[in-house]
Amino acid sequence: MTILVTGGAGFIGANFVIDWLQAYDEPIVNLDKLTYAGNLGNLAALQNDERHTFIQGDIGDQPLIERLLSEHKPRAIISFAAESHVDRSIHGPEDFIQTNIVGTFRLLDVVRGHWSDLPLNQKSNFRFLHVSTDEVYGSLGPDEPAFTESHQYQPNSPYSASKASSDHLVRAYHHTYGLPVLITNCSNNYGPFQFPEKLIPLVIHNALARKPLPIYGDGQQVRDWLYVSDHCSAIRTVLARGTPGEVYNVGGFNEKANIEVVRTLCDMLNELHPAEPISSIASHHELITYVKDRPGHDRRYAIDATKIEAELGWYPAETFETGIRKTVEWYLDNQTWVEQVISGDYRRWIERQYVEVIAVRR
Ligand code: NAD
Ligand code: TYD
């Protein structure tokens, strides 16, 4: 038996592939386009592992997908491939429409054709698991209850709108054609191999370089944070025991305001990586810099993960405190990885997005 993973060279996908092969012997075919966000360096630990086959390609390339399905006959597909950064979607939505909507549609359609020709027993055991986000539900007020699976879809950014569209397509392929799909909507992830454009790795990276730590707006926006290996275990659980056609919300039971997250990171860096005596900063907190808000910035996301807990017995293993410590330690120990993924494209992005705040403190 084999599974096919898409987007397995990105942050969550790479963690998923590594964790899977630690837990099971079942091989993985890993299809990834290797955009700026995909790095083979994330999979270096699997270099000599014959259970892992890497293919560079696009989820929208239907002849390629057809070939992979008929050659490897996967029993399941877990689809992580997406454009994933909200700020980039604001500057340029086109890639988000192409990959998240058109790409998911093309992938789904080839998979449907392949699945409909399978023998009956393989057909009913087959799964297509679509990895999605809590951002499709829109923004909550401070006292509103957390998102359940039946919360209305109200996406506010080009990113979340493109993910919402893909969720709808996946749902429709179940309803119309009977494709055995599963959808997971997860909150903000953090942990090893996250590209340093997202809040937590960006703050760690900037703090180590004594650069400003940019806080959008008033920093009171709330996110629910989940350590990435817990998201991976949730996906394994849903794949093994989830009911086809169902949606499962995944969250960390960790609602935090952005400024609180950044202050925690500063405390941890003060402890694990104190500023050198020659530096003009005594504490990383001095680097915190409020900057112009993100347009249309969602105020609060919160996940009600009762369904996956009650029906499938999943619960996160890490608290925010244990997960954030592991994350900071990982970035301190893996500075070479960070240097490798910071390409010319990354530098151009930072200059464009943080035009007002690129100063470096000595
Ligand atoms: P990421 O940006 O780190 O990785 C995405 C990967 O997909 C990259 O390796 C990239 O090369 C690949 N990819 C992009 N376009 C492709 C295409 N057309 N064909 C094949 N591969 C392509 O993203 P991530 O943070 O690992 O997120 C993975 C998935 O999880 C996404 O679907 C995202 O929407 C979802 N998600 C992310 C979070 C989060 O906090 N990061 C939370 C909930 C859900
Ligand atoms: P991000 O990591 O981009 O995830 P998402 O937008 O998908 O939730 O951002 C997390 C939160 O941090 C979000 O509210 C935006 C905020 N943020 C900043 O305040 N400064 C930054 O430089 C970045 C990248 C994000």
Side-chain angles (χ1 to χ4, degrees), residues 5-16 30-40 42-43 55-61 64-65 78-90 95-96 98-100 102-104 106-107 130-136 139 157 159-160 162-163 166-167 184-191 193-203 206 212-226 228 231 234-235 249-252 256-259 261-262 288-294 297-301 303 341 349-350 353-354 357:
V5 164
T6 77
F11 162 49
I12 306 173
N15 276 283
F16 180 84
N30 183 354
L31 171 76
D32 194 296
K33 189 177 175 181
L34 296 182
T35 66
Y36 79 92
N39 291 290
L40 284 179
N42 300 358
L43 300 162
I55 315 277
Q56 183 171 5
D58 195 312
I59 53 166
D61 181 345
L64 171 65
I65 307 286
I78 297 111
S79 198
F80 295 92
E83 290 293 337
S84 69
H85 190 36
V86 174
D87 292 319
R88 285 191 191 245
S89 83
I90 293 168
D95 288 347
F96 291 73
Q98 281 311 326
T99 284
N100 300 1
V102 180
T104 301
R106 293 205 171 125
L107 174 66
H130 176 65
V131 179
S132 192
T133 166
D134 59 358
E135 303 193 23
V136 297
S139 185
S157 71
Y159 164 67
S160 55
S162 68
K163 290 296 291 187
S166 64
D167 292 8
T184 53
N185 291 93
C186 186
S187 59
N188 284 55
N189 284 214
Y190 64 98
F193 300 118
Q194 188 167 29
F195 196 73
E197 65 185 356
K198 304 276 169 69
L199 180 69
I200 288 179
L202 181 100
V203 163
N206 281 14
L213 313 180
I215 310 287
Y216 297 163
D218 63 3
Q220 294 301 330
Q221 304 82 4
V222 171
R223 300 290 182 265
D224 172 72
W225 293 94
L226 180 69
V228 64
H231 187 187
I235 293 170
N249 281 356
V250 182
K256 306 265 176 219
N258 292 339
I259 187 65
V261 170
V262 174
I288 291 175
T289 308
Y290 288 87
V291 301
K292 188 157 68 72
D293 207 353
R294 170 188 282 174
H297 199 169
D298 283 338
R299 199 67 185 161
R300 174 172 167 245
Y301 304 141
I303 276 277
V341 303
W349 166 253
I350 294 296
Q353 175 70 1
Y354 300 99
V357 281

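Just so you know, ligand 1 is whichever comes first in the structure, and atom 1 is the first atom listed for that ligand.
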Below 4.0 Å, non-hydrogen atoms only: which portion of Asp298 touches ligand 2? Side chain, backbone, both or neither. neither
The answer, listing residues by chain and number that come under 4.0 Å of ligand 1 through any heavy atom, is Gly7, Ala9, Gly10, Phe11, Ile12, Asp32, Lys33, Leu34, Thr35, Ala37, Gly38, Gly57, Asp58, Ile59, Phe80, Ala81, Ala82, Ser84, Thr99, Val131, Ser132, Thr133, Tyr159, Lys163, Cys186, Ser187, Asn188, Asn189
Tell me whether Asn100 contacts the main-chain N or O of Lys163 through its side chain, where contact means a donor paired with an acceptor under 3.5 Å. no
Give the ring-plane orientation class for Tyr216 versus Tyr354, where under 30° counts as parallel, over 60° as perpendicular and anything between as tilted. parallel
Please state which protein non-hydrogen atom is closest to atom 20 (N) of ligand 2 and give its distance, to 0.1 Å? Pro214 O, 2.8 Å
For Asn188, atoms of ligand 2 separated by under 4.0 Å from a heavy atom: 4 (O), 5 (P), 8 (O), 10 (C)
Side-chain donor/acceptor of Asp224 to backbone N/O of Gly251, under 3.5 Å: no
Using a 4.0 Å heavy-atom threshold (strictly under), name the region of Leu199 that reaches ligand 2: side chain, backbone, both or neither. both
Is Gln56 reaching over with its side chain to a backbone N or O of Lys33, donor-acceptor style, under 3.5 angstrom? yes
Would you check whether Asp87 has a nitrogen or oxygen atom less than 3.5 angstrom from a nitrogen or oxygen atom of ligand 2? no
Do Arg223 and Tyr190 meet the cation-pi criteria used here (NZ or CZ under 6.0 Å from the six-membered ring centre, within 45° of the axis)? no
Test of understanding: given a 4.0 Å heavy-atom threshold, classify the contact between Leu202 and ligand 2 as side chain, backbone, both, or neither. side chain
Hey, does Asn15 have a side-chain heavy atom less than 4.5 Å from the side chain of His231? no
For the atom pair CG (Asp167) and NE2 (His130), what is the distance rounded to the nearest 0.5 Å? 4.0 Å
Would you kindly specify which portion of Arg294 sits under 4.0 Å from ligand 2, judged on non-hydrogen atoms: side chain, backbone, both or neither? side chain
Near Glu135 (heavy-atom distance under 4.0 Å), the atoms of ligand 2 are 5 (P), 7 (O), 8 (O)
His85 heavy atoms, cut-off 4.0 Å: which ligand 2 atoms fall inside? 3 (O)
For atom 19 (O) of ligand 2, what is the closest protein heavy atom, and at what distance to 0.1 Å? Tyr216 N, 2.9 Å
OG1-OH distance between Thr133 and Tyr159, expressed to the nearest 0.5 angstrom: 4.0 Å
Atoms in ligand 2 with a heavy atom of Lys198 nearer than 4.0 Å: 2 (O)
In the protein, what heavy atom is nearest to atom 16 (C) of ligand 2, and what distance, to one decimal place, separates them? Asn258 ND2, 3.4 Å
Element-labelled atoms of ligand 2 that are located less than 4.0 Å from some non-hydrogen atom of Ile215: 19 (O)
Enumerated ligand 2 atoms positioned under 4.0 Å from heavy atoms of Glu197: 24 (C)
Which bit of Tyr354 gets closer than 4.0 Å to ligand 2, counting heavy atoms only: side chain, backbone, both or neither? side chain
Under the 3.5 angstrom rule, does the side chain of Asn206 hit a backbone N or O of Pro212 as a donor-acceptor pair? yes
Go through the steps for His85 and Phe195 under the test side-chain contact (heavy atoms from CB on, under 4.5 Å), then give the verdict. CA-CA 10 Å; His85 190 36; Phe195 196 73; over 6 Å; no
Quick check for you: to the nearest 0.5 Å, what is the distance between Ile235 atom CD1 and Phe16 atom CZ? 6.0 Å
Gap between atom CG of Asn185 and atom CD1 of Ile303 - 0.5 Å precision: 6.5 Å
Please list, in number order, the atoms of ligand 2 under 4.0 Å from a heavy atom of His297. 13 (C), 14 (O), 15 (C)
If you measure from CG on Leu202 to CG on Leu213, what distance do you get to the nearest 0.5 Å? 8.0 Å
I'd like to know if the side chain of Ser79 and the backbone of Thr6 have a donor-acceptor N/O pair within less than 3.5 Å. no
